[in-house]
S.K.: 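Here you go, one structure.
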Amino acid sequence: GVGKLVDNLLLDESLDLQLLLLNNLLCPMTEDPAGCVTGFNNQWKAVARAVYPVFLDGAKVCVDLGACGAKSFLSEETCDDCTAGVNAIAGLAVMRENVLEVIEYLKGDGYCAGSADPAYCQ
């Protein structure tokens, strides 16, 4: 389920791969690619640890996807079910309203409030 996905996303190897993707796909499109890479390298793991457990909470994802109770716990999931579920979750992650919610969360208690310089963090 979603809990296993979050567990896997938070593994060091997975976070390193996420960093590689962010640095190679997003940073070249910025005005300061080197600064972008430095920023991601310094912050991404903590940001991911703050965001994934909250916004990929199993109950929340279930409701957002309208999938609560969709499959009986007695039925066995297939590879296609798993792939479709991961793709649906990825779709939630890029929805504008969800992105804005994550940004607001990070700007507040989710991340910046606990940083050394909350005003700069925001």
Side-chain angles (χ1 to χ4, degrees):
V2 176
K4 289 181 183 177
L5 175 63
V6 171
D7 290 345
N8 283 318
L9 286 171
L10 293 175
L11 291 172
D12 282 334
E13 308 88 66
S14 178
L15 291 168
D16 290 340
L17 178 59
Q18 293 166 47
L19 269 172
L20 183 68
L21 292 169
L22 291 166
N23 288 336
N24 289 318
L25 296 175
L26 295 181
C27 289
M29 296 185 286
T30 66
E31 290 180 21
D32 180 10
C36 176
V37 168
T38 299
F40 272 131
N41 288 343
N42 290 338
Q43 303 297 326
W44 178 249
K45 290 183 179 184
V47 168
R49 288 183 182 114
V51 170
Y52 292 155
V54 174
F55 289 91
L56 291 178
D57 172 70
K60 180 179 179 356
V61 170
C62 173
V63 170
D64 289 349
L65 294 177
C68 301
K71 285 199 79 145
S72 165
F73 67 89
L74 298 175
S75 63
E76 191 171 320
E77 290 187 69
T78 66
C79 184
D80 288 341
D81 292 334
C82 182
T83 300
V86 169
N87 287 335
I89 292 168
L92 290 175
V94 298
M95 287 178 57
R96 181 172 174 74
E97 64 198 52
N98 292 340
V99 170
L100 295 174
E101 186 178 349
V102 168
I103 290 169
E104 287 305 309
Y105 172 76
L106 289 172
K107 287 168 76 175
D109 292 338
Y111 188 73
C112 288
S115 72
D117 187 353
Y120 176 77
C121 180
Q122 292 180 1

S.K.: Measure the shortest side-chain to side-chain distance between Asp16 and Lys45 over non-hydrogen atoms and say whether it is less than 4.5 angstrom.
M.R.: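 Yes. Closest side-chain heavy atoms under 4.5 Å.
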S.K.: Any chance the side chains of Thr83 and Asp80 put a donor and an acceptor closer than 3.5 Å?
M.R.: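 No, because no side-chain N or O of Thr83 sits under 3.5 Å from a partner of the opposite role on Asp80.
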S.K.: Counting heavy atoms not belonging to Asn87, are there more than 12 under 6.0 Å from its CG?
M.R.: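 Counting other residues, nucleotides and ligands, CG of Asn87 exceeds 12 neighbours.
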S.K.: Charged N to carboxylate O below 4.0 Å: is that the case for Asp12 and Arg49?
M.R.: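 Between Arg49 and Asp12 there is a salt bridge, with a charged N closer than 4.0 Å to a carboxylate O.
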S.K.: Let me check something: do Tyr52 and Val54 share a hydrophobic cluster, defined by ILVMFWY side-chain heavy atoms less than 4.5 Å apart, either directly or through other members?
M.R.: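 Cluster IDs for Tyr52 and Val54 match.
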S.K.: Roughly how far, to the nearest 0.5 Å, is CH2 of Trp44 from CG of Leu20?
M.R.: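 So the CG of Leu20 and the CH2 of Trp44 are separated by 13.5 Å.
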S.K.: Side chain to side chain contact (heavy atoms under 4.5 Å, CB included) for Val51 and Val47? Distances and angles first, verdict last.
M.R.: CA-CA 6 Å; Val51 170; Val47 168; 4.1 Å; yes
S.K.: I'd like to know if Leu22 and Val37 are part of one continuous hydrophobic network [Ile/Leu/Val/Met/Phe/Trp/Tyr, side-chain heavy atoms within less than 4.5 Å].
M.R.: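 The answer is no; the residues belong to distinct hydrophobic clusters.
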S.K.: Would you sort out whether Gln18 and Leu9 count as a side chain to side chain contact (heavy atoms under 4.5 Å, CB included), showing the intermediate values?
M.R.: CA-CA 9 Å; Gln18 293 166 47; Leu9 286 171; 3.9 Å; yes
S.K.: Between Cys112 and Lys107, what is the shortest heavy-atom contact and its length?
M.R.: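 In this case the closest contact between Cys112 and Lys107 is CB-O, 3.3 Å.
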S.K.: I would like to know whether Ile103 and Leu106 meet side chain to side chain contact (heavy atoms under 4.5 Å, CB included); could you show each step before the answer?
M.R.: CA-CA 5 Å; Ile103 290 169; Leu106 289 172; 5.8 Å; no
S.K.: Is there a side chain to side chain contact (heavy atoms under 4.5 Å, CB included) between Leu26 and Phe40? Walk through the geometry before answering.
M.R.: CA-CA 10 Å; Leu26 295 181; Phe40 272 131; 4.2 Å; yes
S.K.: Same cluster for Val102 and Val6 if Ile/Leu/Val/Met/Phe/Trp/Tyr side chains link at under 4.5 Å?
M.R.: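 Val102 and Val6: one cluster.
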S.K.: Return the minimal non-hydrogen interatomic distance between Ser115 and Cys121, and the atom names on each side.
M.R.: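 Smallest heavy-atom distance, with atoms named: OG-CB, 3.5 Å.
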S.K.: CG/Asp109 to CD/Glu104 distance, rounded to the nearest 0.5 angstrom?
M.R.: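 So the gap between those two atoms works out to 12.0 Å.
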S.K.: Spell out, as yes or no, whether a donor-acceptor pair under 3.5 Å connects the side chain of Asn98 to the backbone of Ala93.
M.R.: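 A pair under 3.5 Å: no.
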S.K.: Atom CD of Glu97 and atom CG of Leu92: how far apart are they, to the nearest 0.5 Å?
M.R.: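 The distance works out to 9.0 Å.
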S.K.: Kindly give the heavy-atom pair with the smallest separation between Gly91 and Met95, and that separation in Å.
M.R.: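 Minimum heavy-atom contact is O-CG, 3.2 Å.
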S.K.: Give the minimum heavy-atom separation between Ala113 and Pro118, together with the two atoms involved.
M.R.: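 Result for this residue pair: O-CG, 4.0 Å.
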S.K.: Please report the C-alpha distance between Tyr105 and Phe55 in whole Å, then the side-chain angles of each, then the deciding distance to 0.1 Å, and finally whether the ring-ring contact (aromatic ring centres under 6.0 Å, His included) criterion is met.
M.R.: CA-CA 10 Å; Tyr105 172 76; Phe55 289 91; 5.2 Å; yes
S.K.: Just verifying a value: how many Å separate Cys27 SG and Leu21 CG, rounded to the nearest 0.5 Å?
M.R.: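 The SG atom of Cys27 sits 11.5 Å away from the CG atom of Leu21.
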S.K.: Please confirm whether the backbone N or O of Asn8 pairs with a side-chain atom of Ser14, one donor and one acceptor, at under 3.5 Å?
M.R.: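 Yes; at least one donor-acceptor contact below 3.5 Å.
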S.K.: Working note: Thr78 + Asp81, criterion side chain to side chain donor-acceptor pair (under 3.5 Å); need CA distance, chi angles, decisive distance, verdict.
M.R.: CA-CA 5 Å; Thr78 66; Asp81 292 334; 3.2 Å; yes
S.K.: Using every non-hydrogen atom in the two residues, find where Ile89 and Leu56 come nearest and quote the distance to one decimal.
M.R.: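 Reported closest heavy-atom pair: CG2-CD2, 3.6 Å.
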S.K.: Looking only at non-hydrogen atoms, find the nearest pair between Pro53 and Leu10 and report the distance.
M.R.: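 Pro53 and Leu10 have their closest heavy atoms at CG-CD1, 4.1 Å.
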